[in-house]
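On a predicted model such as this, the values are computed, not experimentally measured, just so you know.
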Amino acid sequence: MSNQYYLMAQLPSFSIDNEKADLPVTEEYFLDLCSRFLDNKSLKLIRELSLEPPRQNVSTGSAFLDSWYNNERDLRFALAQIRALRLNKKFDLENRTFSPEIVQAARTACGMESPLAAERYLNKYRAELIENIKPSDEFSIDSVFSYALKLKLALRIKKFDAEKGMACYHKIYDSILNADSSADKTTGVN
């Protein structure tokens, strides 16, 4: 525990709410600091940490990380199920059930007009989830994992750019329209 204490004491706090503000720590700095204070097993978990959970449930050895991955996996499955239902597609989850909070978050996100607004909403939900499931002991290894996930989430949010997103959307949309009109010309459909 003493190693986690020295590590956590050196890490500045930050908020993921302000997309424009610079983060007080980089992922490289965080990983370097972790390499000085954590054992190899914990460092390996930090390096392999992802916002995207494995599709199958695999124990990490950390109750916090297992809870994070289970909740994130359920959220992604709930989102996929709602999207599939809207498109009248079959999406079999082998009788998987989700908590009411996850279902509500997925429904709210899927009901938003803007994909960017939905992503912002989901990221806020994820940040709140991290805060809700993180341990009360601020100097435990799970608190280090919590900080790492929050940092990854903040870095992901910083990459959002509405103008680039719209430009990419229009490019994809135009390519679909052009592909459809090309197919119409070759088949003689008007």
Side-chain angles (χ1 to χ4, degrees), residues 13-27 30 46 48-58 60 62-134 142-143 145-180:
S13 63
F14 62 91
S15 171
I16 67 162
D17 293 334
N18 189 350
E19 293 177 24
K20 303 291 185 214
D22 290 335
L23 291 172
V25 62
T26 64
E27 193 168 21
F30 172 73
I46 291 282
E48 293 173 351
L49 198 60
S50 175
L51 293 174
E52 185 176 328
R55 190 167 171 89
Q56 299 299 318
N57 187 10
V58 178
T60 62
S62 160
F64 168 77
L65 284 181
D66 290 347
S67 179
W68 159 257
Y69 283 136
N70 287 335
N71 279 287
E72 181 63 18
R73 186 180 304 105
D74 283 352
L75 176 62
R76 288 170 183 253
F77 281 145
L79 288 164
Q81 186 177 42
I82 291 168
R83 291 172 181 150
L85 286 171
R86 287 188 176 174
L87 296 170
N88 294 321
K89 304 267 184 190
K90 186 176 178 172
F91 188 78
D92 186 23
L93 292 173
E94 300 167 4
N95 299 321
R96 188 179 196 115
T97 59
F98 308 111
S99 73
E101 295 84 18
I102 287 176
V103 171
Q104 185 58 47
R107 284 182 180 159
T108 300
C110 287
M112 294 184 165
E113 296 271 331
S114 161
L116 181 59
E119 278 300 313
R120 286 181 172 144
Y121 168 79
L122 288 170
N123 284 329
K124 184 176 179 182
Y125 173 82
R126 289 175 173 120
E128 289 172 2
L129 175 65
I130 291 169
E131 287 300 312
N132 291 337
I133 65 173
K134 83 175 187 178
D142 283 338
S143 288
F145 296 148
S146 169
Y147 190 95
L149 282 172
K150 192 173 150 187
L151 180 61
K152 284 188 171 295
L153 188 58
L155 290 168
R156 182 174 183 270
I157 291 169
K158 298 271 182 235
K159 292 180 181 177
F160 290 172
D161 185 321
E163 289 178 25
K164 286 182 183 177
M166 283 304 286
C168 185
Y169 168 80
H170 287 297
K171 182 179 176 183
I172 292 169
Y173 188 76
D174 289 343
S175 71
I176 292 169
L177 289 178
N178 289 337
D180 285 347

Kindly write out the residues that satisfy side-chain contact (heavy atoms from CB on, under 4.5 Å) with Leu155, not counting sequence neighbours, or none if the list is empty. Leu23, Glu27, Leu151
Under the salt bridge (Lys or Arg N to Asp or Glu O under 4.0 Å) rule, collect the residues that match up with Glu48, sequence neighbours excluded. Lys44
Please name all residues satisfying side-chain contact (heavy atoms from CB on, under 4.5 Å) with Asn88, sequence neighbours left out, ordered by chain then number. none
Beyond-backbone contact of Leu49 with Trp68, side-chain heavy atoms, under 4.5 angstrom: no
Taking all non-hydrogen atoms of both residues, which atom of Val103 and which atom of Ile82 are closest, and how far apart? O-CD1, 4.4 Å
Applying salt bridge (Lys or Arg N to Asp or Glu O under 4.0 Å), can you list everything that pairs with Lys134, at least two apart in sequence or on another chain? Glu131, Glu138
Is the closest side-chain heavy-atom distance between Arg126 and Leu75 below 4.5 Å? yes
Can you name the nearest heavy-atom pair linking Arg96 to Phe77, along with the distance? NH1-CE1, 3.5 Å
Salt bridge (Lys or Arg N to Asp or Glu O under 4.0 Å) with Asp142: which residues, sequence neighbours excluded? none
Please name all residues satisfying ring-ring contact (aromatic ring centres under 6.0 Å, His included) with Tyr121, sequence neighbours left out, ordered by chain then number. none
Kindly compute the distance separating NZ (Lys152) from CD1 (Ile46), expressed to the nearest 0.5 Å. 9.0 Å
Side chains of residues 104-114: which donor-acceptor partners sit under 3.5 Å, not counting sequence neighbours?
residue : atom : partner : partner atom : Å
Gln104  : NE2  : Thr108  : OG1          : 3.1
Thr108  : OG1  : Gln104  : O            : 2.8
Ser114  : OG   : Leu116  : N            : 3.2
Ser114  : OG   : Ala117  : N            : 3.1

Going by salt bridge (Lys or Arg N to Asp or Glu O under 4.0 Å), name the residues that satisfy it together with Arg156, two or more places apart in sequence or in a different chain. Glu119
Between Arg120 and Asn123, do the side chains contain an N or O donor and an N or O acceptor separated by less than 3.5 Å? no
Return the minimal non-hydrogen interatomic distance between Asn71 and Leu129, and the atom names on each side. CB-CD2, 3.4 Å
Say you draw a straight line from OG of Ser143 to NZ of Lys150; how long is it, rounded to the nearest 0.5 Å? 11.0 Å
Suppose we screen for side-chain contact (heavy atoms from CB on, under 4.5 Å). Which residues come up paired with Thr60, at least two apart in sequence or across chains? Leu45, Ser62, Leu65, Asp66, Tyr69
The side-chain contact (heavy atoms from CB on, under 4.5 Å) partners of Pro100 (sequence neighbours excluded) come to none
Only counting residues at least two apart or in another chain, list the ones meeting side-chain hydrogen bond (donor to acceptor under 3.5 Å, both in side chains) with Thr26. none
Give every residue pair that meets the salt bridge (charged side-chain N to carboxylate O under 4.0 Å, His left out) criterion with at least one member in residues 76-91, sequence neighbours excluded. Glu72-Arg76
Considering non-hydrogen atoms only, spot the tightest contact between Ile130 and Phe64 and give its length. O-CE1, 4.0 Å
Asp22, CG: over 12 other non-hydrogen atoms inside 6.0 angstrom: no
